Enquirer: 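Below you will find the structure I want to go over with you.
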Amino acid sequence: MTPDCVLKSLLMIILALFSANASNWLYLAKLSSLGSITEEEGCERLKGLIQRQVQVCRASVEVMDSVRRGAQLAIQECQHQFRHRRWNCSTLDTPPLFGRVASQGTREAAFVYAVSAASLAYSVTRACSSGELERCGCDRSVQGGAGTEGEDGVHQGPRFQWAGCSDNVAYGVAFSASFADVRERSRRSAAGRALMNLHNNEAGRNAVLSLMRVECKCHGVSGSCEVRTCWRAMPPFRAVGVLLKEKFDGATEVEPRRIGSARALVPRNPQFKPHTPEDLVYLEPSLDFCERDAGSGVLGTEGRACNLTSKAVDGCQLLCCGRGFHSRQAQLLERCGCKFHWCCYVRCRQCLRRVEVHTCR
Ligand SMILES: *[C@@H]1O[C@H](CO)[C@@H](O)[C@H](O)[C@H]1NC(C)=O
Ligand SMILES: *[C@@H]1O[C@H](CO)[C@@H](O)[C@H](O)[C@H]1NC(C)=O
């Protein structure tokens, strides 16, 4: 083979590795802005998109900034929910963003898929409500006269009217399904991993849907609340993260099985009750995430701060994988002796507090 040939086949392998990970659109989170991409040019330049996603990009360039913000939201929330765990949702500087962690069939991958499908639906819905997108706006199906929906708390109390901007979550959810699921849907055989990813994507979107709530505002003479106007609103994304973290803790281990002519995921342990569309599922046990393994994108827990008294996974015993830990004194700058001054400000002093910091060996 000529050097050119070798280079070319190397490139093909790299490209194949690249597209083997459907959550690579999350890599858009690394961009501080999309710059000036247009329909004709630029969608190909976005790292991490597969061909079908490039097509979506070309068809609606204006939505891509919500996709980018959705990716950032997913990573932020993942890092928050996993901040006390051995794998803390750290990202790499080159795709795939989570190394091999998110491309194996583990619980962690389940969470990453679910939270990113959810954040994509969330971010696009937000953009609809804020009038940023031409193709969608507020949910017009929630409009008009006094509601007879029988929603908790809404049909009681004062008269109310649907008004204001209801979040168009149906649009966001549909967009998320069309964008985040394309890779899995384009696989011919419903391999276990494709089924797993699709299920977890759906579970993520279901988390957003299940947390939709009704928000209201009172109108009337001096706050008498004679009439209320209400609209449907999404929860703060933190609530979605909390719910999905609970689903992560209770995730079901499954295996693909042939049922008739189709394949489906069933619990590996037949004693367990079947998972619901809201639950997360996974195919293989996780790594222990103890040691650094650059090839897999695992940073290991050396140097991580641990809690001396906790028996949970943030405790020095578990977090440091039994390797032990270093302890040192540190000083913490804090606000203290705060006094309220009439009227109206608070003045504080700054105090140094000695604390002991423990980090894993
Ligand atoms: C995750 O842990 C690594 C060390 O294992 C640390 O370098 C990194 O800053 C942590 N990331 C976050 C987001 O906490
Ligand atoms: C350490 O863990 C204990 C027990 O879980 C908890 O009460 C405490 O707030 C934790 N300390 C820190 C600094 O997080």
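For the numbers below, each heavy atom of this structure counts, side chains included, while hydrogens, waters and symmetry mates do not. Each ligand, and each atom within it, is numbered from 1 in the order the structure gives. The model shown is predicted, which means the values in this text are computed figures rather than measured ones.
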Enquirer: Do Leu31 and Val54 share a hydrophobic cluster (ILVMFWY, side-chain heavy atoms under 4.5 Å, transitive)?
Expert: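 Cluster IDs for Leu31 and Val54 match.
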
Enquirer: Taking only heavy atoms of Thr309 into account, list the atoms of ligand 2 that are under 4.0 Å away from them.
Expert: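 Answer for ligand 2: 1 (C), 2 (O), 3 (C).
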
Enquirer: Could you tell me whether Arg85 and Asp314 make a salt bridge, using a distance below 4.0 angstrom between a side-chain N and a carboxylate O?
Expert: no

Enquirer: Could you give me the CA-CA distance, side-chain angles and deciding distance for Thr91 and Lys30, then say whether side-chain hydrogen bond (donor to acceptor under 3.5 Å, both in side chains) is met?
Expert: CA-CA 10 Å; Thr91 60; Lys30 294 271 176 181; 3.2 Å; yes

Enquirer: Any nitrogen or oxygen of Asp314, main chain or side chain, under 3.5 Å from a nitrogen or oxygen of ligand 2?
Expert: no

Enquirer: So, Ser166 and Asn168: side-chain donor and acceptor under 3.5 Å apart, yes or no?
Expert: no

Enquirer: Distance alone, cut at 3.5 Å: any donor-acceptor contact between the side chains of Ser176 and Arg205?
Expert: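 Yes, side-chain donor-acceptor contact under 3.5 Å.
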
Enquirer: Any protein N/O atoms within less than 3.5 Å of an N/O atom in ligand 1? List the atom names and distances, or say none.
Expert:
from     : atom 1 : to     : atom 2 : distance (Å)
ligand 1 : 2 (O)  : Asn88  : ND2    : 2.3
ligand 1 : 5 (O)  : Gly300 : O      : 2.7
ligand 1 : 11 (N) : Asn88  : ND2    : 3.0
ligand 1 : 14 (O) : Asn88  : ND2    : 3.4

Enquirer: Identify whether the distance between the nearest side-chain nitrogen and carboxylate oxygen of Arg232 and Asp167 falls below 4.0 Å.
Expert: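 Salt bridge absent between Arg232 and Asp167.
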
Enquirer: Side chains of Thr359 and His326: donor-acceptor distance under 3.5 Å anywhere?
Expert: no

